[in-house]
Structures are given as C-alpha cells and as structure tokens.
Novice: 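Sharing a structure, written as structure tokens. Questions coming.
Because the structure is predicted, anything quoted here is derived from the model rather than measured. Quick note: residue numbers are just sequence positions, from 1. For ligands, and for the atoms within them, numbers begin at 1 and follow the listed sequence.
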Amino acid sequence: MRVLVFGAGSLGSLLGGLLARAHDVTLVGRAPHVERVRADGLRITGECSVRVEPAATTAVPDERFDLALVAVKAFDTAAAAEALGAADLDAVLSVQNGLDNERTLAGALDAPVLAGTCTYGARLTEPGTVECTGRGEVALGPPDGGESAVAESVGGALGGADVETTVAADMPRRRWTKLSVNAGINAVTALARVENGALVDGPAGETARRAARETARVARERGIDLADGAAVEAVERVAAATSANRSSMLQDVEAGTRTEVDAINGAVVERAERAVPVNETLTALVRGWERERGSR
Ligand SMILES: NC(=O)c1ccc[n+]([C@@H]2O[C@H](COP(=O)([O-])OP(=O)(O)OC[C@H]3O[C@@H](n4cnc5c(N)ncnc54)[C@H](O)[C@@H]3O)[C@@H](O)[C@H]2O)c1
Ligand SMILES: CC(C)(CO)[C@@H](O)C(=O)[O-]
C-alpha cells in the first residue's frame, strides 16, 4: 500500500514509521525533521523501537496514494486539506483530536474520509527521532458510523503493519467519547499546569468531570448515545492510565504555541443547545492565554 502521512510531527512520524515496516510510506513534514529522515532514516524509540527509511518531503507529491493519513494539529487541517488536493488519493484517515477535521477534509477532497481516534502516545524528541511514549490503538471507520469496505481495507493495512487497530462502526460515539476525554483533561491540565494524574484525586478533577458531563450532554442533544457516567469514566480511566503525561495542550502552553482548544472545548460550546459553562470558561481562558502569547 502507498501511504502519504501529512503532518510528520510526533504522531504522524510514529504511525508513519510503524507503517513503513510493511508499506511504501511518504512523510510530509517540515525541516529539519524531514531533512534528517531523508539523510539518516527515522528512528522510533521508547515503547516501540525500530529504524525505518520512509520517503520524506515538505510538499505533497503529485502522485497516487492508497491512503493519506492526516496528523496535523486541528487548526492546520484546512491548509492540509488544500495541500492534499495535489495528490490522487483513494482514502483519507484523520487521527487527530477534535471534532471538525473529517468534515473539513471531506469538504475539500473527493476521496472517502475516515474518522480515527488514536491512543498511541508520541513525542518528537529531535529531528529524525520520535519516541513512542505509550502503546495504544487506532480506531477507525466512517465518520457517521456504519461499515465500509474502505475502512476494512485501511484497517487491514494498519493491522498488517502491527499497528493496533479496530475497525469500528460506531465512530460517532467513539469520537464524542474521545472529545469528552480531551474536553475534560486538556484545558484543565494546561491551565493548572499539572500532569494528567493530578485529575485522578485532586481538586482539578471535578472540573474535568464537569466538562466531560457537559460534552456528553451535547452529544446526546445531537443523537449520540453517550451517558454522563460513560464520559466521566473515560476521563478518569485515561487520566489514570496517562498519569505521568503532560497533555498535548499543557505541552503547547509550556511551548508557547497555539493549542487545539477551538476543536475541543470550543467545539462543544459551538454545538451546545443550552449553556455549557465549564467548557465556555475553559475555552475563554485558554483563548485568552493564546491571545496574550500572540499564538492565535
Ligand atoms: N502526539 C500524540 O501523542 C497524539 C496522540 C493522539 C492524538 N494526537 C493528535 O494528533 C494531531 C497531531 O499531534 P502531534 O502531537 O503529532 O502534533 P505535532 O505538532 O507534533 O505534529 C504536527 C506536524 O504537522 C506539521 N505540519 C503542519 N502543517 C503542515 C504543512 N502544511 N506542511 C507540512 N507539515 C505540516 C507540523 O510542522 C508538525 O510537525 C493532533 O490533533 C493531536 O491532538 C496526538
Ligand atoms: C488522551 C490525552 C489527553 C492524554 O494526554 C491526549 O489525547 C492529549 O494529550 O491530547
């Protein structure tokens, strides 16, 4: 299978590197990472240790690919969709956090777009090297649910490269469950400057649970069967399982870079039929920080 990975940063390099064990992979990213991969190959360290030699470039090749895997931050998805128009794609899979990525990609590209949730942890430690900070799984399927031959084919390709993969017919529920987790964990840990584990039994945990409950309520308003208890259980389970992690949003805040709050808590606020005060507050506070930092 010919795979194009658009957004060869942390997660894109990890998944692209794992896929390169079994497929013809081209990473699209930025210098100096791309230059190092071209010169010395890509090293994966941590929970998965391997060295591979995928192709790497800074621009989408005008070629045909069986799959484009999209792994840019949510705020770069529109630009990614435009850039991917240069290639001839049979399928697109987003493994990003946030709720709007698939719709943005589908609006710009003719290929079928699959939704994906990813619980692998990845961190680019230096150009040419990505650390797998935690094994997880990729769940993928049609964004609106159901089964599809494309999902089965893409799932088979990922599984064939020993990427833990689930082809799922319930991606709407999975996406909203992941959104509940991110709405609960990311902004709270970023603003409190704490690792995920601080939410397990610390005072900030109740804010995380409230944000998750609000998210589940909005999901139900939109016909998704997601109970408050299930959303809270997911936040608590993930916070415990990733207790030593600094969430991606905390890492963004510590780096002084733009966060994905618009696609996470902002997406909940945008879709809510009734007030979601915790998500509204978290969104406003993170946006306020971004504005003062000049990162939005
Ligand atoms: N890192 C993880 O452990 C992890 C886990 C689950 C989900 N995610 C999600 O995956 C997505 C990516 O996260 P990440 O941590 O890999 O972010 P990242 O910033 O490390 O990687 C994104 C990469 O895309 C590149 N990029 C953006 N626009 C580009 C363009 N036009 N051309 C070329 N390169 C471009 C950036 O330079 C960057 O290197 C996010 O939505 C994140 O929430 C990440
Ligand atoms: C699950 C998660 C919150 C763990 O840190 C991750 O999606 C993140 O950091 O964005």
Side-chain angles (χ1 to χ4, degrees), residues 4-17 26-34 37 46-47 56-61 68-86 93-102 104-105 116-125 127 130-139 175 177-190 194-199 208 211-212 234-255 257-265 267:
L4 181 74
V5 176
F6 192 91
S10 299
L11 187 61
S13 296
L14 173 63
L15 294 181
T26 298
L27 304 180
V28 179
R30 291 189 170 129
H33 180 52
V34 161
V37 172
E47 303 269 324
T57 179
T58 57
V60 175
L69 186 147
V70 181
V72 298
K73 293 277 192 175
F75 47 77
D76 282 330
T77 302
E82 184 177 352
L84 284 167
L93 168 62
S94 162
V95 288
Q96 304 161 276
N97 280 345
L99 210 53
D100 298 317
N101 302 300
E102 294 84 2
T104 301
L105 292 163
T117 58
C118 180
T119 56
Y120 277 88
R123 187 168 66 90
L124 206 60
T125 53
V130 60
E131 179 187 0
C132 177
T133 57
R135 287 178 176 271
E137 74 154 4
V138 175
R175 294 169 69 204
T177 300
K178 183 72 182 323
L179 186 70
S180 300
V181 170
N182 290 127
I185 290 177
N186 293 42
V188 174
T189 53
V194 296
E195 294 177 347
N196 294 351
L199 305 186
V235 168
E236 292 173 340
R237 171 169 42 81
V238 171
T242 61
S243 59
N245 278 26
R246 307 181 83 76
S247 72
S248 59
M249 199 173 288
L250 173 55
Q251 292 180 48
D252 292 336
V253 164
E254 289 175 333
T257 55
R258 186 174 178 184
T259 76
E260 295 184 299
V261 70
D262 294 344
I264 300 174
N265 306 91

Novice: For atom 17 (O) of ligand 1, which protein heavy atom lies nearest, and how many Å away is it?
Specialist: K73 CE, 3.5 Å
Novice: Pick from V95, V28, L84: which one makes a side chain to side chain contact (heavy atoms under 4.5 Å, CB included) with V70?
Specialist: L84
Novice: With respect to S247, determine whether any N or O atom, backbone or side chain, lies less than 3.5 Å from an N or O atom of ligand 2.
Specialist: no
Novice: Taking heavy atoms and a distance under 4.0 Å, where does D76 meet ligand 1: side chain, backbone, both or neither?
Specialist: side chain
Novice: With respect to E260, determine whether any N or O atom, backbone or side chain, lies less than 3.5 Å from an N or O atom of ligand 1.
Specialist: yes
Novice: Find the distance between OG1 (T177) and CG (N182) and round it off to the nearest 0.5 Å.
Specialist: 11.0 Å
Novice: For A208 and L199, which heavy atoms make the closest approach, and how far apart are they?
Specialist: CB-CD1, 4.0 Å
Novice: For atom 2 (C) of ligand 2, what is the nearest protein heavy atom, given as residue, atom name and distance?
Specialist: N182 ND2, 4.1 Å
Novice: Determine the minimum heavy-atom distance between L27 and A8, stating which atoms define it.
Specialist: CB-CB, 3.8 Å
Novice: By number and element, which atoms of ligand 2 are closer than 4.0 Å to a non-hydrogen atom of N186?
Specialist: 3 (C), 8 (C), 10 (O)
Novice: Any idea which protein heavy atom is nearest atom 9 (O) of ligand 2, and the distance to it?
Specialist: S248 N, 2.8 Å
Novice: Could you say whether the N/O atoms of A122 and ligand 1 ever approach to under 3.5 Å?
Specialist: yes
Novice: With a 3.5 Å cut-off and no angle check, do the side chains of T104 and T77 form a donor-acceptor pair?
Specialist: no
Novice: Closest non-hydrogen protein atom to atom 5 (O) of ligand 2, residue and atom name please, with distance?
Specialist: N196 ND2, 3.0 Å
Novice: For the CG atom of N101 and the NZ atom of K73, what is their distance to the nearest 0.5 Å?
Specialist: 12.0 Å
Novice: Tell me the protein heavy atom at minimum distance from atom 44 (C) of ligand 1, and give that distance in Å.
Specialist: L11 CD2, 3.9 Å
Novice: Are any side-chain N or O atoms of D252 and backbone N or O atoms of T257, one a donor and one an acceptor, separated by less than 3.5 Å?
Specialist: no
Novice: Heavy-atom contact check, 4.0 Å cutoff: does A71 meet ligand 1?
Specialist: yes
Novice: Report the nearest protein non-hydrogen atom to atom 28 (N) of ligand 1: residue, atom name, distance rounded to 0.1 Å.
Specialist: R30 NH2, 3.6 Å
Novice: What are the atoms of ligand 2, with element, lying closer than 4.0 Å to any heavy atom of V238?
Specialist: 1 (C)
Novice: Please round to the nearest 0.5 Å and tell me the distance separating atom CD of E131 and atom CG of L124.
Specialist: 10.5 Å
Novice: Heavy-atom distances under 4.0 Å are what count here, so tell me which part of Y120 touches ligand 1: side chain, backbone, both or neither.
Specialist: backbone
Novice: Is it the case that over 12 heavy atoms from other parts of the model lie below 6.0 angstrom from the CD atom of E137?
Specialist: yes
Novice: To the nearest 0.5 Å, tell me how far E47 CD sits from L14 CG.
Specialist: 10.5 Å
Novice: Judged by non-hydrogen atoms, does C118 sit under 4.0 Å from ligand 1?
Specialist: yes
Novice: Where do R135 and Y120 come nearest, in terms of heavy atoms and distance?
Specialist: CA-CD2, 3.9 Å
Novice: Can you check whether Q96 has an N/O within less than 3.5 Å of an N/O in ligand 1?
Specialist: no
Novice: Just need the protein heavy atom nearest to atom 15 (O) of ligand 1, so name the residue and atom and give the distance.
Specialist: S10 CB, 3.8 Å
Novice: Just need the protein heavy atom nearest to atom 33 (C) of ligand 1, so name the residue and atom and give the distance.
Specialist: G29 O, 3.5 Å
Novice: If you take all heavy atoms of A239 and N196, which pair is closest and at what distance?
Specialist: CB-O, 3.7 Å
Novice: What's the shortest heavy-atom distance between A190 and V253, and which atoms?
Specialist: CB-CG2, 4.0 Å
Novice: Is the closest N or O pair between R246 and ligand 2 shorter than 3.5 Å?
Specialist: no
Novice: Which option, G7, G116, C132, owns the non-hydrogen atom nearest atom 24 (O) of ligand 1?
Specialist: G7
Novice: Of all the non-hydrogen atoms in the protein, which one sits nearest to atom 21 (O) of ligand 1, and at what distance?
Specialist: G9 CA, 3.3 Å
Novice: Would G121 count as a polar contact of ligand 1, with the cut-off being nitrogen or oxygen pairs under 3.5 Å?
Specialist: no
Novice: Distance under 4.0 Å to a non-hydrogen atom of F6: what atoms of ligand 1 satisfy this?
Specialist: 30 (C), 31 (N), 32 (N)
Novice: What protein heavy atom sits nearest atom 9 (C) of ligand 1, and how far off is it?
Specialist: N97 N, 3.8 Å
Novice: Got the closest protein heavy atom to atom 11 (C) of ligand 1, with its distance?
Specialist: V72 O, 3.6 Å
Novice: Distance check, rounded to the nearest 0.5 Å: T189 atom OG1 versus R246 atom CZ?
Specialist: 9.0 Å
Novice: Can an N or O of T242 be found at a distance shorter than 3.5 Å from an N or O of ligand 2?
Specialist: no
Novice: Any N or O on S248 sitting closer than 3.5 Å to an N or O of ligand 1?
Specialist: no
Novice: With no hydrogens and no angle check, do the side chains of S94 and Q96 hold a donor and an acceptor under 3.5 Å apart?
Specialist: yes
Novice: Taking all heavy atoms of C118 and all of V138, pick out the closest pair and write down the distance.
Specialist: SG-CG2, 4.1 Å
Novice: Applying a heavy-atom cut-off of 4.0 Å, say which part of K178 lies close to ligand 2: side chain, backbone, both or neither.
Specialist: side chain
